[in-house]
Amino acid sequence: ARSLMTQWAGVLPGFDRTRHAVGGIEVRFDGARARATARVVADHWIGTRHWQVSGRYEYGLVPRGSDWQIVEHRFVLTAERGSRDV
C-alpha cells in the first residue's frame, strides 16, 4: 500500500523546484489520537514561472508503537500568487 503522503503528492505536477516554509505548529491530543496544524507558504517553479500558495496543513495522527503515524493530511488554501498554470 502507498503511504498517505505518496498518494497526496501524486496529485501535483512535476515542478522543477519547490520550497515549503512551515511554522506555527500546534498539536492537540484527543484520547489516543492527535490533531496538528501548521502554517505554510509553498513556492513552486517550472523554469522561471512561479506559483505561491499560503495556508495551513492539517494532520490527523495515531500512535504506532513509540511513534506517531500521519493518517490524514489536508492543505487549506488561504491565499495565492502567480499562476496555477505552473
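FYI, the numbering just counts along the sequence from 1. These numbers come from a predicted model, not from an experiment.
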Non-hydrogen atoms of Val27 and Ala36 that approach each other most closely: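 That would be CG2-CB, 4.1 Å.
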
Exercise: identify the closest heavy-atom pair between Gly47 and Asp16: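 It is N-OD2, 2.5 Å.
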
Sub-4.5 Å side-chain heavy-atom contact between [X] and [Y]:
X: Val41; Y: Gln52; result: yes
X: Glu72; Y: Arg35; result: yes
X: Leu61; Y: Arg33; result: no
X: Trp51; Y: Trp45; result: no
X: His44; Y: Val53; result: yes
X: Tyr57; Y: Arg74; result: no
X: Trp68; Y: Pro63; result: yes

Quick one: does any side-chain atom of Asp43 pair with a main-chain N or O of Thr18 as donor and acceptor, under 3.5 Å?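 No; judged by distance alone, with no hydrogens or angles, the pair does not exist.
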
Would you indicate whether Arg81, at its atom CZ, is surrounded by more than 12 heavy atoms from other residues, nucleotides or ligands within a distance under 6.0 Å?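 Counting other residues, nucleotides and ligands, CZ of Arg81 stays at 12 neighbours or fewer.
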
Working note: Glu58 + Arg56, criterion salt bridge (charged side-chain N to carboxylate O under 4.0 Å, His left out); need CA distance, chi angles, decisive distance, verdict. CA-CA 6 Å; Glu58 297 179 347; Arg56 71 180 178 275; 2.7 Å; yes

